[in-house]
Enquirer: 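The structure is given below, and queries will be raised subsequently.
Bear in mind the structure is a predicted one, so any value in this text is a computation, not a measurement.
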Amino acid sequence: MQTIADELIRLEVVDYITDTTVCEMMKKNEIKLWLVKEWCIPQADAEFVAKMEDILEVYQRPYDPLNPVVCIDETISG
C-alpha cells in the first residue's frame with residue numbers, strides 16, 4: 001500500500017496520503033489487487049501457431065495505403 005501511496009504523491013494526484021488511507025479506500029471500493037481477470041490461451045497447439053503466424057505475417061507487410069492494416073483490440077467488461 002505504501003508503494004501506491006508514494007506513486008499517488010509522485011503523480012501529484014494528492015499532496016499527501018498514507019498507506020492506511022489507500023487500504024481503506026480500496027476496501028471501501030471493493031478493489032482487490034490480488035484478483036486479476038485475464039484471458040489466456042488454454043493450449044498453443046499447431047493450429048493456433050499456424051494462425052498466429054498468419055497474423056504476424058500481416059503486420060510485417062510494408063505499408064500500402066490501398067491495403068491498410070487495421071488492428072482492433074477487443075475488451076470485455078463485466
Side-chain angles (χ1 to χ4, degrees):
M1 295 303 139
Q2 187 61 53
T3 302
I4 294 171
D6 293 344
E7 189 66 7
L8 289 169
I9 294 167
R10 187 188 72 76
L11 294 172
E12 298 180 352
V13 175
V14 294
D15 292 328
Y16 176 79
I17 192 167
T18 66
D19 59 334
T20 304
T21 303
V22 171
C23 188
E24 289 170 358
M25 297 309 295
M26 292 178 72
K27 183 183 264 186
K28 177 182 174 185
N29 291 290
E30 297 183 15
I31 298 171
K32 300 172 183 172
L33 296 177
W34 59 92
L35 295 179
V36 177
K37 294 180 184 177
E38 57 185 74
W39 177 84
C40 101
I41 304 163
Q43 182 178 356
D45 59 11
E47 179 184 7
F48 174 85
V49 172
K51 289 179 180 180
M52 179 185 66
E53 288 173 344
D54 289 343
I55 292 169
L56 293 175
E57 184 274 324
V58 169
Y59 288 114
Q60 290 180 346
R61 293 179 189 166
Y63 175 71
D64 180 354
L66 299 177
N67 296 298
V69 173
V70 178
C71 177
I72 299 173
D73 181 21
E74 297 179 26
T75 304
I76 298 172
S77 60

Enquirer: Measuring from atom OG1 of Thr18 to atom CD1 of Ile9, what distance do you get when rounded to the nearest 0.5 angstrom?
Expert: 9.0 Å

Enquirer: Passes salt bridge (charged side-chain N to carboxylate O under 4.0 Å, His left out), Lys28 versus Glu24? Steps please.
Expert: CA-CA 6 Å; Lys28 177 182 174 185; Glu24 289 170 358; over 6 Å; no

Enquirer: Nearest 0.5 Å, what's the CD-OG1 distance between Gln2 and Thr20?
Expert: 8.5 Å

Enquirer: Please output the side-chain donor-acceptor pairs of residues 54-62 that fall under 3.5 Å, not counting sequence neighbours, one pair per line with the distance.
Expert:
residue: Glu57; atom: OE1; partner: Arg61; partner atom: NH2; Å: 3.1
residue: Glu57; atom: OE2; partner: Arg61; partner atom: NE; Å: 3.3

Enquirer: Are Met1 and Val13 connected, step by step, through hydrophobic side chains (Ile, Leu, Val, Met, Phe, Trp, Tyr) whose heavy atoms are closer than 4.5 Å?
Expert: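 Same hydrophobic cluster.
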
Enquirer: Looking only at heavy atoms, which two atoms of Ile17 and Val14 are closest? And how far apart?
Expert: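 Distance-wise, the nearest heavy atoms are CG2-CG2, 3.7 Å.
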
Enquirer: Let me confirm one number: the CD1-CE distance from Ile31 to Met26, rounded to the nearest 0.5 Å.
Expert: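 So the gap between those two atoms works out to 5.5 Å.
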
Enquirer: How far apart are the closest heavy atoms of Ala44 and Val49, and which atoms are they?
Expert: O-CG2, 4.1 Å

Enquirer: Indicate yes or no: at least one non-hydrogen side-chain atom of Glu7 is less than 4.5 angstrom from one of Thr3.
Expert: no

Enquirer: How long is the span from the NZ atom in Lys32 to the NZ atom in Lys27, to the nearest 0.5 Å?
Expert: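 If I round to the nearest 0.5 Å, the distance is 10.5 Å.
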
Enquirer: I need the Ile4 CD1 to Met25 CE distance, nearest 0.5 Å.
Expert: 12.5 Å

